[in-house]
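Throughout, numbering of the chain's residues begins at 1 and tracks the sequence.
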Amino acid sequence: HLLQVASRPSRVAAPPRQRLSLVGAPPRVAGALGERVSCGNIDVAGVEDGAVVCRPVAPREQRWPLFVFAHGDWQPPENTMGMLMDIASFGFVVAAYSSCIWVIPGNTSSECDMGRASFLEALKTIVFFSRDPAAAPELAPVDMSRPVSIGGHSGGGKVALMVAALRDSPTYLAGTRYAEALDRDGGRLRAAAARIGSAGGVYG
């Protein structure tokens with residue numbers, strides 16, 4: 001869905017969004033574990049508006065592998081709650097970053113370099129949990145000893161594939177405008193990509 005911008009680009013004004021309340025005892029969803037899930041919001045260092053997270057409800061002491069979800073343009077995570085909950089029901093903590101939403105192709109003032117830098121938000125989310133797996137123990141009890149998965153919808157599928165490319169090629173995006181961010185702090189974002197075990201995207 002492309003939006004043609006005929007006039008001079010102007011700053012994109014994001015409409016107000018409400019943070020989720022914790023979803024308690026939601027309807028059962030069709031996961032491999034037959035688990036119900038709960039969802040809420042957490043703050044993520046370096047990620048504007050944090051992330052929406054979903055996790056299986058029980059057992060409470062269980063920790064789950066991380067699945068980073070990337071949304072499409074103009075699609076906040078709340079628009080794909082059914083998908084997030086379904087993924088979580090298969091035994092994941094799903095974290096969907098809430099930044100880089102209001103993107104207009106061709107508008108240089110829109111967020112995250114017109115969406116091209118959205119993949120950095122996914123990497124920041126992995127870094128956040130890698131540094132402190134217990135950062136959100138109630139809403140996001142992650143097991144960071146296991147490989148991280150990443151997936152996305154629409155433009156978020158591109159994000160997932162870019163992160164997978166970073167995992168497979170240490171020199172991917174070298175010499176681009178994103179190289180400085182990727183190599184900062186000893187290459188912590190590239191190291192985050194190395195944790196990826198699977199990646200995929202959904203389009204349409």
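Judged as a ring-ring contact (aromatic ring centres under 6.0 Å, His included), not a single pair has a partner in residues 123-147 (not counting sequence neighbours). For residues 123-137, the pairs satisfying salt bridge (Lys or Arg N to Asp or Glu O under 4.0 Å) are Glu121-Lys124, with sequence neighbours left out.
Contact record, Phe119 with Met162: CD2-CE, 3.6 Å, taken as the closest heavy-atom pair. Annotation for Val57 and Ser38: closest pair CG2-N, 3.8 Å, computed over non-hydrogen atoms. Nearest heavy atom pair, residue Met81 against residue Glu78, reads CG-O, 3.2 Å. Nearest approach of Pro147 to Gly197, heavy atoms of both residues: CB-CA, 3.9 Å. Residues Ile42 and Ala136 approach most closely at CG2-CB, 3.9 Å, considering heavy atoms. Minimum interatomic distance between Met144 and Ser130 (heavy atoms only, all atoms of both residues): CE-OG, 3.5 Å.
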Output, in order, the C-alpha distance, side-chain angles, deciding distance and verdict of side chain to side chain contact (heavy atoms under 4.5 Å, CB included) for Thr125 and Val127. CA-CA 5 Å; Thr125 303; Val127 168; over 6 Å; no
Does the pair Gln62 and Asp143 meet the rule for a side chain to side chain contact (heavy atoms under 4.5 Å, CB included), with working shown? CA-CA 9 Å; Gln62 178 72 48; Asp143 180 357; over 6 Å; no
Check step by step if side chain to side chain contact (heavy atoms under 4.5 Å, CB included) holds for Ser99 and Asp49. CA-CA 6 Å; Ser99 52; Asp49 294 325; 5.8 Å; no
Which is it for Gln75 and Ser154 under the side chain to side chain contact (heavy atoms under 4.5 Å, CB included) test, yes or no, and what are the steps along the way? CA-CA 9 Å; Gln75 293 293 319; Ser154 187; over 6 Å; no
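In this view, Ala160 and Ile150 satisfy the side-chain contact (heavy atoms from CB on, under 4.5 Å) rule, not counting sequence neighbours. Not counting sequence neighbours, the partners of Ser149 by the side-chain hydrogen bond (donor to acceptor under 3.5 Å, both in side chains) test are Ser198. Scored by the side-chain contact (heavy atoms from CB on, under 4.5 Å) test, Ile87 finds Phe67, Phe69, Met83, Phe92, Val94 as partners (sequence neighbours excluded). Not counting sequence neighbours, Arg195 has no partner by the salt bridge (Lys or Arg N to Asp or Glu O under 4.0 Å) test. Contacts of Arg167 classified as salt bridge (Lys or Arg N to Asp or Glu O under 4.0 Å), with partners at least two apart in sequence or in another chain: none. Evaluation of the side-chain contact (heavy atoms from CB on, under 4.5 Å) rule for Ala70 yields Tyr97, Val159 as partners, not counting sequence neighbours. Shown here are the side-chain hydrogen bond (donor to acceptor under 3.5 Å, both in side chains) partners of Tyr178, two or more places apart in sequence or in another chain: Asp113. Qualifying side-chain hydrogen bond (donor to acceptor under 3.5 Å, both in side chains) partners for Asp168, counting only residues two or more places apart in sequence or in other chains: none. Ser169 pairs by the side-chain hydrogen bond (donor to acceptor under 3.5 Å, both in side chains) definition with Thr171, not counting sequence neighbours.
The line from CG of Asp73 to SG of Cys100 is 9.5 Å long, rounded to the nearest 0.5 Å. From Ile101, atom CD1 reaches atom SG of Cys112 across 9.5 Å, with rounding to the nearest 0.5 Å. To the nearest 0.5 Å, the span separating CZ on Arg177 from CG on Leu182 amounts to 13.0 Å. Put simply, CG on Leu66 and CD1 on Ile196 are 8.0 Å apart, with the number rounded to the nearest 0.5 Å. Here the CZ atom belonging to Arg184 is positioned 8.0 Å from the CG atom belonging to Leu189, to the nearest 0.5 angstrom. Here Cys39 contributes atom SG and Leu139 contributes atom CG; the two are 9.0 Å apart, rounded to the nearest 0.5 Å.
Between Ser98 and Val52 the shortest side-chain heavy-atom distance falls below 4.5 Å. For the pair Pro133 and Val142, the minimum side-chain heavy-atom distance is below 4.5 Å. The side-chain heavy atoms of Pro141 and Val93, taken from C-beta on, include a pair separated by under 4.5 Å. With contacts defined as side-chain heavy-atom distances shorter than 4.5 Å, the pair Val53/Asn41 does not qualify.
At distances below 3.5 Å, not a single donor-acceptor pair connects side-chain atoms of Arg55 with backbone N or O atoms of Ala88. Judged by distance alone, with hydrogens and angles left aside, the side-chain atoms of His71 form no donor-acceptor pair with the main-chain N or O of Gly155 at under 3.5 Å.
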